[in-house]
Peer 1: 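The following block contains the structure, expressed as C-alpha cells.
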Amino acid sequence: MNALVATNRNFKLAARLLGLDSKLEKSLLIPFREIKVECTIPKDDGTLATFVGFRIQHDNARGPMKGGIRYHPEVDPDEVNALAQLMTWKTAVANIPYGGAKGGIGCNPGELSKSELERLTRVFTQKIHDLIGIHADVPAPDMGTGPQTMAWILDEYSKFHGHSPAVVTGKPIDLGGSLGRDAATGRGVLFATEALLNEHGKSISGQKFVIQGFGNVGSWAAQLIHEKGGKIVAVSDITGAIKNSKGIDIPSLLKHVKESNGVQGFRGGDSLDPNLILVEDCDILIPAALGGVINRENANEIKAKFIIEAANHPTDPEADEILSKKGVIILPDIYANSGGVTVSYFEWVQNIQGFLWDEEKVNNELKTYMSKGFKDVKGMCQTHNCDLRMGAFTLGVNRVARATVLRGWEA
Ligand SMILES: NC(=O)C1=CN([C@@H]2O[C@H](COP(=O)(O)OP(=O)(O)OC[C@H]3O[C@@H](n4cnc5c(N)ncnc54)[C@H](O)[C@@H]3O)[C@@H](O)[C@H]2O)C=CC1
Ligand SMILES: O=C(O)CCC(=O)C(=O)O
C-alpha cells in the first residue's frame, strides 16, 4: 500500500477515536507547505546530472518543523509526505516542542562520489535555505545521509544567514553536534523494547532478535541489545543477510561491516536469502531499513511475537490486521524510533544555550523521555481501548489538535 494512503488511514482512525471535528481533521492532514526543487550538479567527469529534491513541511502548531533528509533512489513525494506527517505525530508523542517535516533527494548515494554528494547537498540547500531555519524547520539525517551531510547544509546555510549551528541536528560533534546523537535512535529502540518487555514480565537477555537494516539505527540497536544479553540471530542490509542460531558476535560484525561496507561475506554466520529475513524464527523482529516491508504478502509467515518499528512505517495497515489476529504485538514507529529526534531536540537546545551536555546526561534524559512516552501511549490505549499504534496516533494527534485549536483560526 502507498505510504501516504497507509499513513492517512491511521490518522483518520485516530481522528475518529478522538471524535475530531472534520474541519480540524482536514487542516491537520493537509501539509503546511510542499517544496520540490531541481538540483543539477556537474559530475566528476564533467557531465551534468539532475536530481529532484523535496522538503515537505507538514505542521508547525507545536513548534518549528523537524525531520530528516533522505537520499535514496525510491524517494518520491508521496513517501516524503507520509514521513513528514509521521514526524508531526512523533514529535508530539515524544512531547518535544516541534512540528513535523521530512526531505529527500531521489538519488543513489552509493553511486555518487563524496564531492558529488557535497555539490548535490549544497545545491539543495541553496534552493531551500529561505524556507528552513532555527525556528522554522530544522533538518537532520535519515537514510543515506549522516553527520557529514548536515555539516555541508550548515556551511551552505550559514553563507546566507550567518553561523547557525542550530539549523540542523545530527551534526559532527566538532560543529556543535550532541554527544549521543549518533547512537540515539538505536538507544531509544533499546529503551522502548525494555519498556515493552518489562510489561510482559520479560527482559532483553536471552530473547532472540532479527534485525533488517544495519545502518545507523540497525547497527546501534544491535550493539546495545547485544551488550544487554540479547541474542541477535539474523541481520540483513542492502548487501545480503546472515544468520547464526547461537547468536551473531556483533562487535566482530561491526568490524567486518566497517571494512567491507556490508554484512555480506561475514564469516561468523551462514548466509541467508535477504527476502526471508523478516520471516526468520525469533522472539523480536526489528525492521530498521525501508518502509512497507511488512505487508499482506509476508505478515502471515512472521514468527516473531513482538515487532519493534525502528524504521518509519515498515508495516502496512493490511499487515497490522493480520498480525493483530495472530497476537503479534507491534511497538509503532512514532514511539519506537523517537529517540533520534528526542536527542536532536537536546542538540538544538544545547546549540541555542551555547552549553554542551555530557553523554551521560543525554542518555539519562533520553531514557526519561522514552519511559514517559511509553506510559503516555499506554494511557491512550486504555482510554480508547485500542492497540499500541492507535495509542500512539491518538496521543500525537490529540496534542497537535489541542495546540492548533489554542492558536486559533483568525486570519
Ligand atoms: N537515522 C535516524 O536517526 C532515524 C532513522 N529512522 C529510520 O530508520 C530507518 C533506517 O535509517 P538509518 O539507519 O538512518 O539509515 P542508514 O542509511 O544509516 O542505513 C540504512 C540501512 O538499511 C539497509 N537497507 C537498504 N535497503 C535495504 C533492503 N532492501 N533490505 C535490507 N536492508 C536494506 C542499508 O544497507 C543500511 O544498512 C529508516 O526507515 C529511517 O527513516 C527513524 C528515526 C530516526
Ligand atoms: O532527528 C531528527 O530531527 C529527525 C529524525 C527522523 O527523521 C525521524 O525520526 O524519522
Peer 1: Evaluate the ring planes of Tyr157 and His161, with Trp represented by its six-membered ring, and classify them as parallel (under 30°), tilted (30 to 60°) or perpendicular (over 60°).
Peer 2: parallel
Peer 1: Consider only side-chain N and O atoms of Tyr71 and Thr121, and report whether a donor and an acceptor are under 3.5 Å apart.
Peer 2: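 There is such a pair between these side chains.
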Peer 1: Any heavy-atom pair between the side chains of Phe374 and Glu199 that's under 4.5 Å?
Peer 2: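 Counting from C-beta outward, Glu199 and Phe374 do come under 4.5 Å.
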Peer 1: Rounded to the nearest 0.5 Å, what's the gap from CD1 on Ile211 to CD1 on Ile286? Could you check?
Peer 2: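 Interatomic distance, Ile211 CD1 to Ile286 CD1, rounded to 0.5 Å: 4.5 Å.
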Peer 1: Got a donor-acceptor contact below 3.5 angstrom from the Lys171 side chain to the Pro165 backbone?
Peer 2: yes
Peer 1: Measuring from atom CG of Asp78 to atom CG of Asn8, what distance do you get when rounded to the nearest 0.5 angstrom?
Peer 2: 9.0 Å
Peer 1: Find the distance between CD (Gln85) and NZ (Lys90) and round it off to the nearest 0.5 Å.
Peer 2: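 Answer for the CD-NZ pair, Gln85 versus Lys90, is 12.5 Å.
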Peer 1: Go through the steps for Ser338 and Tyr369 under the test side-chain hydrogen bond (donor to acceptor under 3.5 Å, both in side chains), then give the verdict.
Peer 2: CA-CA 9 Å; Ser338 64; Tyr369 273 75; over 6 Å; no
Peer 1: In terms of heavy-atom contacts, does NZ of Lys159 have more than 12 from other residues, nucleotides or ligands at under 6.0 Å?
Peer 2: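 More than 12 within 6.0 Å, yes.
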Peer 1: With heavy-atom distances below 4.5 Å as the criterion, would you say the side chains of Leu120 and Cys107 are in contact?
Peer 2: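 Of all side-chain heavy-atom pairs linking Cys107 with Leu120, at least one is under 4.5 Å.
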Peer 1: Determine whether Arg187 and Thr342 make a side-chain contact, defined as any pair of heavy atoms from C-beta on separated by less than 4.5 Å.
Peer 2: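 Not touching, per the 4.5 Å side-chain cut-off.
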Peer 1: Is a donor from one side chain sitting under 3.5 angstrom from an acceptor on the other, for Thr315 and Glu309?
Peer 2: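 On atom types as modelled, these side chains qualify, holding a pair under 3.5 Å.
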Peer 1: Could you tell me whether Asp376 and Arg399 make a salt bridge, using a distance below 4.0 angstrom between a side-chain N and a carboxylate O?
Peer 2: yes
Peer 1: Can you see which heavy atom on Phe306 is nearest to which on Leu197, and at what distance?
Peer 2: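 So the minimum-distance heavy-atom pair works out to CE1-CD2, 4.0 Å.
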Peer 1: Any side-chain heavy atom of Phe393 sitting closer than 4.5 Å to one from Val93?
Peer 2: no
Peer 1: Charged N to carboxylate O under 4.0 angstrom, Lys228 versus Glu194?
Peer 2: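 Glu194 and Lys228: salt-bridged.
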Peer 1: Please confirm whether the backbone N or O of Ile330 pairs with a side-chain atom of Arg389, one donor and one acceptor, at under 3.5 Å?
Peer 2: no
Peer 1: Just verifying a value: how many Å separate Ile307 CD1 and Leu196 CG, rounded to the nearest 0.5 Å?
Peer 2: 11.5 Å
Peer 1: Are more than 12 heavy atoms from other residues, nucleotides or ligands located less than 6.0 Å from atom NZ of Lys127?
Peer 2: yes
Peer 1: With the threshold set at 4.0 Å, does a side-chain nitrogen-carboxylate oxygen contact exist between Asp137 and Arg55?
Peer 2: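 Arg55 and Asp137: salt-bridged.
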Peer 1: Provide the closest heavy-atom pair for Cys386 versus Leu17 in the form atom of the first, atom of the second, distance.
Peer 2: CB-CD1, 4.2 Å
Peer 1: Using the rule given for side-chain hydrogen bond (donor to acceptor under 3.5 Å, both in side chains), can you reason through Thr169 versus Arg181, listing the C-alpha separation, both sets of side-chain angles and the distance that settles it, and then say yes or no?
Peer 2: CA-CA 9 Å; Thr169 59; Arg181 173 60 184 89; 5.0 Å; no
Peer 1: So, does Lys303 use its side chain to make a donor-acceptor pair with the main chain of Val279 at under 3.5 Å?
Peer 2: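 Yes; judged by distance alone, with no hydrogens or angles, the pair exists.
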Peer 1: Do any N or O atoms from the side chain of Ser158 and from the backbone of Ser164 form a donor-acceptor pair under 3.5 angstrom?
Peer 2: yes
Peer 1: Grab the two heavy atoms, one from Val210 and one from Cys282, that are nearest each other, plus how far apart they are.
Peer 2: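 Minimum heavy-atom separation between Val210 and Cys282: CG2-CB, 3.6 Å.
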Peer 1: Evaluate the side-chain proximity of Phe54 to Ile105: yes if any heavy-atom separation is below 4.5 Å, no if none is.
Peer 2: no
Peer 1: Would you find a donor on one side and an acceptor on the other, under 3.5 Å apart, between the side chain of Asp237 and the backbone of Val263?
Peer 2: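 Answer holds: yes.
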Peer 1: Within the side chain of His256, is there an N or O that forms a donor-acceptor pair under 3.5 Å with the backbone of Gln264?
Peer 2: yes
Peer 1: Can you name the nearest heavy-atom pair linking Leu290 to Ala311, along with the distance?
Peer 2: O-CB, 4.0 Å
Peer 1: Nearest heavy-atom pair of Val189 and Ala221: which atoms, and what distance?
Peer 2: CG1-CB, 4.2 Å
Peer 1: So, Lys102 and Asp142, do they make that salt bridge, N to O below 4.0 Å?
Peer 2: yes
Peer 1: Can you tell me if Asn385 has over 12 outside heavy atoms packed within less than 6.0 Å of its CG?
Peer 2: no
Peer 1: Please answer whether the main-chain N or O of Ala241 pairs with a side-chain N or O of Asp273 as donor and acceptor at a distance below 3.5 Å.
Peer 2: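 A pair under 3.5 Å: no.
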Peer 1: Is the backbone of Asn364 close enough, under 3.5 Å, to the side chain of Thr368 for a donor and an acceptor to pair up by distance?
Peer 2: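 Here the side-chain-to-backbone pair exists.
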Peer 1: Using a cut-off of 6.0 Å, state whether more than 12 heavy atoms not belonging to Lys326 lie near its atom NZ.
Peer 2: yes
Peer 1: Just by modelled atom types, is the Lys202 backbone N or O under 3.5 Å from a matching donor or acceptor in the His200 side chain?
Peer 2: no
Peer 1: Drop me the distance from Ile250's CD1 to Trp220's CH2, to the nearest 0.5 angstrom.
Peer 2: 13.0 Å
Peer 1: For a quick test of reading the model, state the closest non-hydrogen atom pair linking Thr404 to Val400 and the distance between them.
Peer 2: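 Thr404 and Val400 have their closest heavy atoms at OG1-O, 2.7 Å.
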Peer 1: Verify whether the ring centers belonging to His226 and Phe209 lie closer than 6.0 Å.
Peer 2: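 No, ring centres 6.0 Å or more apart.
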Peer 1: Show your working on salt bridge (charged side-chain N to carboxylate O under 4.0 Å, His left out) between Glu118 and Lys114 and close with a plain yes or no.
Peer 2: CA-CA 6 Å; Glu118 176 172 352; Lys114 189 173 176 189; over 6 Å; no
Peer 1: Does a donor on one side chain and an acceptor on the other come within less than 3.5 Å for Arg62 and Thr91?
Peer 2: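 Judged by distance alone, the side chains do not pair up.
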Peer 1: Determine, for Arg296 against Asp316, whether the closest basic-nitrogen to carboxylate-oxygen distance falls under 4.0 angstrom.
Peer 2: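 No, this pair does not count.
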Peer 1: Quiz question: by atom type and distance under 3.5 Å, do the side chains of Asn312 and Asp333 form a donor-acceptor pair?
Peer 2: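 Their side chains do not contain a donor-acceptor pair, so the 3.5 Å distance test is not met.
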Peer 1: Given Thr394 and His384, is the side-chain hydrogen bond (donor to acceptor under 3.5 Å, both in side chains) satisfied, shown in steps?
Peer 2: CA-CA 8 Å; Thr394 50; His384 296 290; 4.6 Å; no
Peer 1: So do Leu4 and Glu79 actually touch side chain to side chain, heavy atoms under 4.5 Å?
Peer 2: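 Counting from C-beta outward, Glu79 and Leu4 never come under 4.5 Å.
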Peer 1: Taking the side chain as every heavy atom from C-beta outward, state whether Leu28 and Trp89 have any pair of such atoms under 4.5 Å apart.
Peer 2: yes
Peer 1: Has the side chain of Ser115 got a donor or acceptor atom that lies under 3.5 Å from a matching backbone atom of Ser113?
Peer 2: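 No; judged by distance alone, with no hydrogens or angles, the pair does not exist.
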Peer 1: For atom CD of Glu360, is the number of surrounding heavy atoms from other residues, nucleotides or ligands below 6.0 Å larger than 12?
Peer 2: no
Peer 1: Measuring from Thr47:OG1 to Asp44:CG, what's the distance to the nearest 0.5 Å?
Peer 2: 9.0 Å
Peer 1: Just do the side-chain hydrogen bond (donor to acceptor under 3.5 Å, both in side chains) check on Asn81 and Glu34 with the steps written out, would you?
Peer 2: CA-CA 8 Å; Asn81 229 306; Glu34 300 185 46; 3.3 Å; yes
Peer 1: Indicate whether the side chain of Thr40 and that of Glu38 have a donor and an acceptor atom separated by less than 3.5 Å.
Peer 2: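 The answer is yes; a qualifying pair exists.
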Peer 1: Does Glu321 have any side chain to side chain donor-acceptor pair (under 3.5 Å) partners at least two apart in sequence or in another chain, and if so, which?
Peer 2: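 Glu321 satisfies side chain to side chain donor-acceptor pair (under 3.5 Å) with Arg9 only.
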Peer 1: Determine, for Asp281 against Lys243, whether the closest basic-nitrogen to carboxylate-oxygen distance falls under 4.0 angstrom.
Peer 2: no
Peer 1: Is there a side chain to side chain contact (heavy atoms under 4.5 Å, CB included) between Glu156 and His129? Walk through the geometry before answering.
Peer 2: CA-CA 8 Å; Glu156 199 60 31; His129 76 90; over 6 Å; no
Peer 1: Mind checking whether Leu179 and Lys361 have side chains closer than 4.5 Å, heavy atoms only?
Peer 2: no
Peer 1: Do Arg122 and Asp155 meet the salt-bridge criterion of a basic N to acidic O distance under 4.0 Å?
Peer 2: yes
Peer 1: Between Glu25 and Lys12, is there a side-chain N and carboxylate O pair less than 4.0 Å apart?
Peer 2: no
